[in-house]
Engineer: 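I'd like to ask you about the structure that follows.
Each chain gets a letter, A, B and so on, in the order its sequence line appears, and its residues count up from 1. These numbers come from a predicted model, not from an experiment.
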Number of protein chains: 2
Amino acid sequence: MCGLGRGILASIREVAKLANVSPATVSRVMNGTAKVDADKRERVLKAISETGFVPNEVARSLFKKSAKTIGLIVPSIDNPFFTQLASVIERTADEHGYRILLCNTGNMVEKEKTMIQMLTSMNADGIIITTSNEEIRDYIDACNIPIVITDRRMKKLMKCDYVHCDHYEGGKIAARHLIECGCKNIVCINGPQDVSSAKARYEGYSDVCKELHIKEQCMDCDYDFEVGLAVTEELLEKYPEVDGIIACNDMVAISVYKVLHKRGIKVPEQVQLIGFDDVQLARLLTPELTTIAQPIDEIGKKAAELIINKGECNADKQEYIFKGQLVVRETTNNKKEELHEKTRNS
Amino acid sequence: MCGLGRGILASIREVAKLANVSPATVSRVMNGTAKVDADKRERVLKAISETGFVPNEVARSLFKKSAKTIGLIVPSIDNPFFTQLASVIERTADEHGYRILLCNTGNMVEKEKTMIQMLTSMNADGIIITTSNEEIRDYIDACNIPIVITDRRMKKLMKCDYVHCDHYEGGKIAARHLIECGCKNIVCINGPQDVSSAKARYEGYSDVCKELHIKEQCMDCDYDFEVGLAVTEELLEKYPEVDGIIACNDMVAISVYKVLHKRGIKVPEQVQLIGFDDVQLARLLTPELTTIAQPIDEIGKKAAELIINKGECNADKQEYIFKGQLVVRETTNNKKEELHEKTRNS
DNA sequence: ATACCTTTTGAAACCCGTTTCAAGATAGTT
DNA sequence: AACTATCTTGAAACGGGTTTCAAAAGGTAT
């Protein structure tokens, strides 16, 4: 039918021969880069459909120095936050005719370096990376494609764009919310402090404590479900009177909930709980999780667009900061929420 | 330091000039494709490190007709099953020096076609796709790279490998488990019946019903959380005496649980619930979800390896079928599980 | 020292779509 | 009719790493 027989194997020179024109003319017909005589155009179109010719993207990419590809480097695909980010980025990219090359570092710094080099050598049009590792500075400087750092921030800014949420403010909002909900004994479960977002969230919490002369109570944790379980057990040993927990992200908040539930501790009656990110999970859980939502869709879209529209204002690199938003659900005691519950149930 | 200054911009010809050898020799040093005089080798290595030369993957790919890339086409990245599959595939690929090009079809058939063409024209080394759409036959035939179809199956087998779970048997196991747990009034929430896996699961359930002379009770649903909520509401209208629900996947099982919970229906005391897949979610939920586990890691690994080792036995295409496994957790009443609970709590 | 074989090496072709550049063709002007 | 301006078109170069092939170099045997 549509000539798929030999299909993709045909080359532009074969098509040209069949249409009795030059390869240049075929190229012009395909890309509309110049006017072509109506007769010849027809012959070319016919030859293309007969052979099922699909131009080789690699050859095109070699010449154009653009693979119409965005490299996406994340610490962990399994983390639902990055999954959702990847999803938005893929959608945005696809809308603009770009593809996504997905790279998972598994939090290994060396991999970040080799992946940046690899993506550059593949003529990727840009890289979106989540890292706060200062060591990659040289690699970012060396590769001459636009780089966007998402979700995190370097101490010293590099020559790349930053797209992230105001995690410091998010930390403050979370702390204040628990206090407003009546918590007297808050414990903050921190994410890894070499990760800028985790550190900023902690600092937000910490500054609220200082402001209100509350004693800081923290636990160290990773962005990981299993670690979250263990840390929560420890937490309950160390702070048996806890009545409010700030978890470093939603995944860990779920760990916390599971441990509390197993021990028969009621949420939010006995302990209130707040997470970060507002990944889809947060709504699936029962009770639904109160959390500081990141505008993941906006972050991903912005990051992708910065690369796609790189021509626009590549002069000075910028920092785009989005606001996190408190989403009150069922793991904290909020008066408004209770009111809302009542109207819904009536 | 390591010559990242001009870095990646250098070409093999520049390196050759600097080392006073031919580009061919540089290539040979880099790839170890032939012996090179020790002197020259040293000069080349020095020139490479001075220029920070990284070979252009696109040029290499053009000649070799291999981009060391696997295309991954999934219906929806947001679906945790595919996320986990992507994660394993990425890991396996990375171990073998391959990259992943991630494509999301959003269940749009046309996109499958263009993405297969696109990946082929990018010299991808193979494609892993989840589809049961017979229309793509021509496209699969036309592209001369190995294709692996995961999770689903075509009515008429095409010339590609199949890697999937025995969904039919899974459906049977789920039905039998609920019956063994004492359910008298089971309703099966079916996934879209044009998707082979959903259909097979239904048929498994159906055959158990026939075998035991139980009346079939089904609802139509999609693999979607929101749709799941609505369908569950309908289900409770239509079958108020239901005491066991088979959900088409874990995500829908969670929808079901949420609706039951909101209505004050106790799980598993009043209604027992089983899902499919055993995505990470299933363990995060409270109560933890009983489900038919797919060996996602094995499926993904096998699929990736089939492409990476395509040289091995590309002669006749094969079908690799894995067994699903019942994982009893907290949404069904299993005696063994109760026993286990008791020992754990004592 | 000569003939012969093996190994190392570089020039050039190759992969294939795009673009440049100049020639050829058409249209328009005087 | 002669000439200029404009458009269409194909040959050839390009991008950059790889491989082929034949020449050059090194080594061995006679």
Side-chain angles (χ1 to χ4, degrees), chain A residues 6-44 47-48 51-69 97 117-118 120-125 144-145, chain B residues 6-44 47-48 51-68 117-118 120-125 144-145:
Chain A
R6 276 196 68 259
I8 283 151
L9 301 168
S11 82
I12 200 169
R13 282 166 233 267
E14 295 179 61
V15 174
K17 203 169 286 173
L18 197 64
N20 201 31
V21 296
S22 74
T25 300
V26 178
S27 174
R28 287 190 267 253
V29 169
M30 297 207 68
N31 302 303
T33 34
K35 264 182 190 154
V36 173
D37 179 73
D39 261 14
K40 287 181 179 149
R41 148 176 263 99
E42 279 314 307
R43 297 210 307 269
V44 169
I48 287 173
T51 54
F53 171 61
V54 176
N56 183 310
E57 284 292 331
V58 178
R60 173 179 278 165
S61 162
L62 178 61
F63 190 90
K64 301 266 239 168
K65 297 188 193 308
S66 153
K68 285 282 202 175
T69 297
Q117 284 194 335
M118 182 269 285
T120 310
S121 76
M122 289 185 81
N123 288 1
D125 297 79
N144 50 341
I145 58 175
Chain B
R6 277 197 66 259
I8 284 152
L9 301 168
S11 82
I12 199 171
R13 284 168 231 265
E14 295 180 59
V15 174
K17 203 169 288 173
L18 196 64
N20 201 30
V21 295
S22 75
T25 301
V26 178
S27 175
R28 286 189 268 253
V29 170
M30 299 208 67
N31 301 304
T33 33
K35 265 182 189 155
V36 173
D37 178 72
D39 262 12
K40 287 181 178 149
R41 146 176 264 98
E42 278 314 307
R43 297 209 308 267
V44 168
I48 288 173
T51 55
F53 171 61
V54 177
N56 184 311
E57 285 292 331
V58 178
R60 172 179 278 165
S61 162
L62 179 61
F63 190 91
K64 300 267 238 164
K65 296 184 194 309
S66 154
K68 285 283 203 174
Q117 285 195 335
M118 183 269 285
T120 310
S121 76
M122 290 185 81
N123 288 1
D125 296 79
N144 50 340
I145 57 177

Engineer: Starting at CD of A:E14 and ending at C1' of C:dG17, how long is that distance when rounded to a whole Å?
Structural biologist: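 Taking CD of A:E14 and C1' of C:dG17, I get 14 Å after rounding.
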Engineer: Using whole Å, what does the distance between atom C1' of nucleotide C:dG10 and atom NZ of B:K35 come to?
Structural biologist: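 These atoms are roughly 20 Å apart.
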Engineer: Tell me which residues in residues 57-66 of chain A lie within less than 4.0 Å of DNA chain D, going by non-hydrogen atoms.
Structural biologist: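 Only A:A59, A:L62, A:F63, A:K65 qualify.
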Engineer: Hey, is the main chain of B:V58 close enough, under 3.5 Å, to the side chain of B:N56 for a donor-acceptor pair?
Structural biologist: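 Yes, the answer is positive, given that a donor and an acceptor are paired below the 3.5 Å cut-off.
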Engineer: Taking A:A47's backbone N and O only, do any of them form a donor-acceptor pair with A:T51's side chain (distance below 3.5 Å, no angle check)?
Structural biologist: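 Yes; at least one donor-acceptor contact below 3.5 Å.
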Engineer: Earliest and latest nucleotide of DNA chain D, 5' to 3', sitting under 4.0 Å from a non-hydrogen atom of chain A?
Structural biologist: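 Nucleotide range in contact with chain A: D:dT8 to D:dG16.
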Engineer: Is there a salt bridge (charged side-chain N to carboxylate O under 4.0 Å, His left out) between A:K17 and A:E14? Walk through the geometry before answering.
Structural biologist: CA-CA 5 Å; A:K17 203 169 286 173; A:E14 295 179 61; over 6 Å; no
Engineer: Does any non-hydrogen side-chain atom of A:V36 lie less than 4.5 Å from one of A:V44?
Structural biologist: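 In short, these two side chains do not touch, never coming nearer than 4.5 Å.
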Engineer: Can you list, by residue number, the residues of residues 23-34 of chain B that have a non-hydrogen atom closer than 4.0 angstrom to DNA chain C?
Structural biologist: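 Those residues whose heavy atoms fall under 4.0 Å from DNA chain C, taken from residues 23-34 of chain B in numerical order, are B:A24, B:T25, B:R28.
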Engineer: Please tell me if the side chains of A:P55 and A:I12 come closer than 4.5 Å, counting only heavy atoms from C-beta onward.
Structural biologist: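 With C-beta onward as the side chain, the pair stays apart.
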Engineer: Would B:S66 and B:D125 count as a side-chain hydrogen bond (donor to acceptor under 3.5 Å, both in side chains) if you check the C-alpha gap in whole Å, the side-chain angles of each, and the deciding distance to 0.1 Å?
Structural biologist: CA-CA 6 Å; B:S66 154; B:D125 296 79; 2.6 Å; yes
Engineer: Given that B:I12 and A:V21 both sit by DNA chain D, which one's nearest nucleotide is further toward the 5' end?
Structural biologist: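 Looking at DNA chain D, the more 5' nearest nucleotide goes with A:V21.
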Engineer: Over how many whole Å does the gap from A:K17 atom NZ to C:dG17 atom C1' extend?
Structural biologist: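 Atom NZ in A:K17 sits about 16 Å away from atom C1' in C:dG17.
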Engineer: Does the side chain of A:N123 reach to within under 4.5 Å of the side chain of A:T69, using non-hydrogen atoms?
Structural biologist: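 No, their side chains stay 4.5 Å or more apart.
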Engineer: Please check this pair: side chain of B:N31 against backbone of B:T33, looking for a donor-acceptor N/O pair closer than 3.5 Å.
Structural biologist: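 Absent.
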Engineer: B:K40 has an atom NZ; how far is it from atom P of C:dT7, in whole Å?
Structural biologist: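 Spelled out: NZ on B:K40 to P on C:dT7 is 17 Å.
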Engineer: Pair A:D37, A:R41 - check side chain to side chain contact (heavy atoms under 4.5 Å, CB included), show working.
Structural biologist: CA-CA 6 Å; A:D37 179 73; A:R41 148 176 263 99; over 6 Å; no
Engineer: Side-chain contact test, heavy atoms from C-beta onward, threshold under 4.5 Å: evaluate it for B:K68 versus B:S61 and give yes or no.
Structural biologist: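 Contact flag for B:K68/B:S61 side chains = no.
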Engineer: Restricting to non-hydrogen atoms, name the atom on B:R43 and the atom on B:A19 that form the minimum distance, rounded to 0.1 Å.
Structural biologist: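 Answer, listing the atom of B:R43 first, then B:A19: NE-O, 2.8 Å.
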Engineer: Starting at atom CZ of A:R13, determine the distance to atom C1' of C:dC15, rounded to an integer number of angstrom.
Structural biologist: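 Interatomic distance, CZ of A:R13 to C1' of C:dC15: 9 Å.
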